[in-house]
Amino acid sequence: MDNLEVAKILNQIADLMEIKGESKFKVGAYRRATRTIEELPENINDVYLKDKLEEIPGVGESIALDIKELITKGSCLRLSKLKEKIPGKLSELMEIEGLGPKKVAFLFKKFHVTAIKQLEKLIKSHKLKELFGWGPKSEQNILEGIKLYRRFRERFLLGKIYPYAQALQEKLRKSPLVEKVEICGSFRRRKETIGDLDILVTSKQPKRLVDFFVSLPEIQRVNAKGPTKVNVLLKYGAQHQSGVETDLRVVRPESFGAALHYFTGSKTHNIEIRRRGIEKGLRINEYGVFKVSPSKKRLTRVGGAKEEEIFKAVGLPWIPPEIRENEGEIEAALENRLPKLIEKRDIKGDLHLHSDWSDGEDSILDLALSAQKRKYQYIALTDHASPIGIINGLNAHRVLKQILAIKEINKKLRGFQILTGTEVDINKDGSLFLPDKILEKLDIVVAGIHSSFHLSCDQMTKRIVKAMKNFHVDIIAHPTGRLINKREPYEIDESALIKEAKRTGTILEINAAPQRLDLTGPYIRLAKEYGVRMAISTDAHSTNQLDYMVFGVDTARRGWAEKNDIVNTLPFEELKGLLKRG
DNA sequence: GCCGTTTTCGGCCCGACTGTTTTCAGTCG
Ligand SMILES: Nc1nc2c(ncn2[C@H]2C[C@H](O)[C@@H](COP(=O)(O)OP(=O)(O)OP(=O)(O)O)O2)c(=O)[nH]1
Ligand SMILES: [Mg+2]
Ligand SMILES: [Mg+2]
Ligand SMILES: [Zn+2]
């Protein structure tokens with residue numbers, strides 16, 4: 001059972017406990033543990049074997065026991081006991097917007113509803129609205145919730161929604177009612193996927209602004225509307241067949257900093273900051289920081305216009321949004337050991353690109369010129385070397401031809417270098433698609449898996465480790481192989497991979513393509529702790545995809561990466577010195 | 001259920017909007 005499977009079960013335990021009516025703090029404890037384990041880079045089985053489960057924040061004696069049972073037996077007593085009283089399927093019903101634990105519990109107790117179909121039937125019989133506490137609107141809202149649930153709403157790729165969000169921000173800025181507009185939430189934290197857009201606006205006329213917003217042509221539906229907060233579905237996608245859930249929050253200018261902090265999150269980060277506020281006799285909310293009088297009756301405002309003031313109030317320096325996940329950033333800030341995160345302007349080149357020699361769209365020269373426009377000093381041309389026909393992979397002969405072609409192009413360039421390279425397939429047995437005597441002629445060798453994705457964890461790990469041991473392999477491309485919303489990562493021992501990368505001096509890639517972002521935050525952080533170097537590469541298949549770099553930098557920042565951790569911040573000569581021979 | 005340079009017991013973030021309520025619980029951010 002892997003981390004995500006364990007997390008999923010802990011979350012289901014939380015759901016069922018909530019439906020059962022357990023203390024919300026107990027439920028909260030399970031949700032906290034769920035979240036931590038979802039983001040844990042170490043394999044939970046290893047943590048168990050080392051007897052260190054209780055060292056995971058939020059995991060104590062009870063949850064550690066649950067995890068132990070899950071790992072050793074595939075099931076746990078607590079869940080089985082819960083399921084005797086509460087059907088496991090009820091946790092799915094809770095995913096419908098507007099249905100929480102209390103309503104689900106009621107529907108089950110009174111009508112034995114356990115599935116969506118049953119619920120629909122019940123509503124259409126209109127038995128519900130006769131009951132106290134339920135009316136026609138309740139019925140209508142549940143039906144709407146079911147419809148939305150069925151539209152199968154995946155999370156959006158950050159890279160895909162980015163231009164849409166920016167255009168919307170610009171549009172709002174133009175309104176005379178608006179002072180500041182920031183897109184907050186997971187978007188500002190630069191998570192690789194975004195559940196919804198959270199837009200913060202300051203205005204001296206909040207009510208008028210809310211009315212203006214819901215009258216925009218982009219609005220598909222208004223779900224909720226009050227004087228400070230609106231929830232809508234925006235039109236999105238071709239023919240607007242899709243929609244983006246959007247929360248708009250309006251505050252007065254003096255609350256901008258506090259609201260920015262609140263709305264940026266993450267939720268767990270907010271809770272921890274507020275808790276520290278309580279210890280200092282402060283109340284922190286989206287309107288500001290307030291001193292609580294000894295009688296606890298009066299609040300005196302002590303800050304909130306600037307985001308910094310929130311941190312300052314609890315004795316901290318400003319923390320970059322990308323690492324606000326309550327994963328140790330608050331402790332680090334307190335001890336003045338926040339990382340100096342890498343920035344876009346630190347990037348001096350791109351080490352994973354495809355030209356029209358393989359499956360890219362543009363010529364080598366165009367890629368070089370585009371990179372030069374972006375103030376880079378170098379690129380590495382890494383066309384596929386692969387037997388897969390569809391990607392038009394290069395064989396040994398064409399690789400040699402390309403080396404000569406690049407030599408010619410390099411002569412035409414000033415202050416810029418193209419490194420010769422390849423993205424060579426790692427075969428099923430860990431050998432490479434090109435022989436060593438070809439690899440040694442290249443400046444840089446990127447190796448990646450593009451076939452046989454379904455090996456056992458052991459086989460897959462050995463496969464990549466073998467590739468790393470090859471003296472010519474400099475970089476492992478997209479190390480976990482995931483395609484967001486499409487393909488799960490390979491079964492692989494990431495910790496072992498990271499340790500081996502350190503041992504062999506192999507660079508791990510942070511692939512910046514929006515559907516990959518691989519490595520992702522938690523693994524980047526682990527790699528950094530081991531002293532493994534990484535490369536942020538776009539894997540661009542056209543010149544405009546060079547712009548993916550920013551998403552790679554964002555992801556690196558989420559992994560606490562600093563300039564020194566990333567090799568393509570180095571000037572050309574230093575980078576060359578770092579690469580393995582050939 | 002978890003946790004602790006004030007605690008091993010007693011807290012646990014704080015607020016907005018909705019529907020059906022005559023005063024607020026439920027759900028969500
Ligand atoms: N203090 C506090 N803040 C919250 C809570 N729930 C949400 N927030 C804040 C922090 C979140 O980042 C922000 C936006 O909420 P969302 O539900 O949209 O979450 P977020 O954008 O982080 O993730 P998402 O990608 O939308 O799933 O609101 C909460 O329970 N308490
Ligand atoms: Mg959000
Ligand atoms: Mg939201
Ligand atoms: Zn590639």
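Chain letters run A, B, ... following the sequence lines, proteins first, then strands; residues in each count from 1. Predicted model, so just to flag it, every value in this text is computed and none were measured.
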- How many Å lie between NZ on A:Lys225 and P on B:dG19, as a whole number? 13 Å
- Message: Going by side chain to side chain donor-acceptor pair (under 3.5 Å), A:Glu139 matches just one of A:Lys124, A:His126, A:Lys129. Which one?
- Response: A:His126
- To the nearest Å, give me how far apart CG (A:Leu299) and C1' (B:dC14) are. 12 Å
- Rounded interatomic separation in angstrom, taking CD from A:Glu97 and P from B:dT18: 14 Å
- Note on the structure: A:Arg276 CZ to B:dC14 P, in whole Å, measures 15 Å
- Message: Between A:Glu562 and A:Lys340 (side chain of the first, backbone of the second, donor and acceptor by atom type, cut-off under 3.5 Å), is there such a pair?
- Response: yes
- Length of the line joining A:Asn223:CG and B:dG19:P, which is rounded to integer Å: 11 Å
- Note on the structure: From CD of A:Glu144 across to C1' of B:dG19 the rounded distance in Å is 15 Å
- Message: Side-chain N or O of A:Ser23 versus OP1/OP2 of B:dG1: is the shortest distance under 4.0 Å?
- Response: no
- Task: Could you work out which one of B:dC14, B:dG26, B:dC2 sits closest to the side chain of A:Lys102?
- Result: B:dG26
- Item | Identity of whatever pairs with B:dC3 - Watson-Crick or G-U, under 3.5 angstrom | B:dG10
- Item | Pairwise C1' distance for B:dT21 and B:dC14, with rounding to whole Å | 23 Å
- Message: Please give me the minimum heavy-atom distance between A:Gln169 and A:Glu182, naming the atom from each residue.
- Response: NE2-CA, 4.0 Å
- For atom P, what is the distance between B:dC3 and B:dC13, given to the nearest Å? 14 Å
- Task: Return the nearest nucleotide to the side chain of A:Ile278; candidates are B:dG26, B:dG29, B:dC13.
- Result: B:dC13
- Item | Backbone of A:Asp198 reached by a side-chain donor or acceptor of A:Arg188 within 3.5 Å | no
- Item | Atom pair distance, as rounded to whole Å: CD1 in A:Ile310 and P in B:dC14 | 14 Å
- Message: Quick check for you: among B:dC14, B:dG15, B:dT18, whose closest atom lies nearest to any side-chain atom of A:Arg274?
- Response: B:dC14
- Query: Roughly how far, to the nearest 0.5 Å, is NZ of A:Lys180 from CG of A:Leu200?
  - Reply: 9.5 Å
- Query: Where along residues 123-141 of chain A does a heavy atom come under 4.0 Å from DNA chain B, residue by residue in number order?
  - Reply: A:Gly133, A:Trp134, A:Gly135, A:Pro136, A:Lys137, A:Ser138, A:Asn141
- 5' precedence on DNA chain B between A:Glu286 and A:Tyr262 (nearest-nucleotide basis): A:Glu286
- Message: Please verify the inter-ring angle class for A:Tyr548 with A:Phe551; under 30° counts as parallel, over 60° as perpendicular, anything in between as tilted.
- Response: tilted
- Message: So if I apply the salt bridge (charged side-chain N to carboxylate O under 4.0 Å, His left out) rule between A:Arg150 and each of A:Glu120, A:Glu97, A:Glu144, which one comes out positive?
- Response: A:Glu120
- Mind checking A:Ile271 for me? I need base, sugar-phosphate or nothing, with any heavy atom below 4.0 Å counting as a touch. base
- Message: Need one value for A:Lys24: base, sugar-phosphate or nothing, where a base atom within 4.0 Å counts as base even if backbone is also close, heavy atoms only.
- Response: nothing
- Message: Tell me whether A:Asn3 contacts the main-chain N or O of A:Leu40 through its side chain, where contact means a donor paired with an acceptor under 3.5 Å.
- Response: yes
- Message: Can you tell me how the ring of A:His269 sits relative to the ring of A:His261, calling it parallel under 30°, perpendicular over 60° and tilted otherwise?
- Response: tilted
- Message: Using a 3.5 Å distance criterion without hydrogens, assess whether the side chain of A:Asn231 forms a donor-acceptor pair with backbone atoms of A:Ala224.
- Response: no
- Message: Checking contacts here: which listed nucleotide (B:dC2, B:dC17, B:dT27) is nearest the side-chain heavy atoms of A:Pro101?
- Response: B:dT27
- Message: With a 3.5 Å distance limit and no angle check, can you tell me whether A:Lys204 reaches the backbone of A:Glu179 through a side-chain donor-acceptor pair?
- Response: no
- Task: Identify which nucleotide among B:dC17, B:dG29, B:dC2 has an atom closest to any side-chain atom of A:Ser62, counting heavy atoms from C-beta outward.
- Result: B:dC2
- Main-chain N/O of A:Gly135 paired to A:Ser138 side chain as donor or acceptor, under 3.5 Å: yes
- Task: Assess A:Arg190 against A:Phe187: is NZ or CZ under 6.0 Å from the centre of the six-membered ring, and within 45 degrees of the ring's axis?
- Result: yes
- Message: Roughly how many Å apart are B:dT27 and B:dT20, using the P atom of each and rounding to a whole number?
- Response: 14 Å
- Task: May I have the distance from A:Phe290 (atom CZ) to B:dC13 (atom C1'), rounded to whole angstrom?
- Result: 14 Å
- Closest listed nucleotide, where the reference is the side chain of A:Tyr287 and the choices are B:dA16, B:dC17, B:dG1: B:dA16
- Query: For residues 189-211 of chain A, which residues have at least one heavy atom under 4.0 Å from DNA chain B?
  - Reply: A:Asp198
- Message: Roughly how many Å apart are B:dT6 and B:dC2, using the P atom of each and rounding to a whole number?
- Response: 24 Å
- Task: When you get a sec, tell me which of B:dG1, B:dC13, B:dG29 is the closest nucleotide to the side chain of A:Arg275?
- Result: B:dC13
- Checking all strands, does A:Glu272 fall into the base, sugar-phosphate, or nothing category for heavy-atom contacts under 4.0 angstrom? nothing
- Considering only B:dG26, B:dG1, B:dC13, which nucleotide approaches the side chain of A:Lys103 most closely? B:dG26
Taking only N/O atoms, report every protein-nucleotides 3-8 of chain B pair under 3.5 Å with atom names and distance.
from, atom 1, to, atom 2, distance (Å)
B:dC3, OP1, A:Gly58, N, 2.7

- Does a nitrogen or oxygen in the side chain of A:Asn285 sit under 4.0 Å from OP1 or OP2 of B:dG15? yes
- Taking the same atom, C1', in B:dT8 and in B:dG1, what whole-Å distance lies between them? 14 Å
- Message: Counting the atoms with a prime plus P, OP1 and OP2 as sugar-phosphate, which does A:Arg78 contact under 4.0 Å by heavy atoms, base, sugar-phosphate, or nothing?
- Response: sugar-phosphate
- Query: Taking the six-membered ring of A:Phe111 as reference, does the NZ or CZ atom of A:Lys127 fall below 6.0 Å from its centre and within a 45° cone about the axis?
  - Reply: no
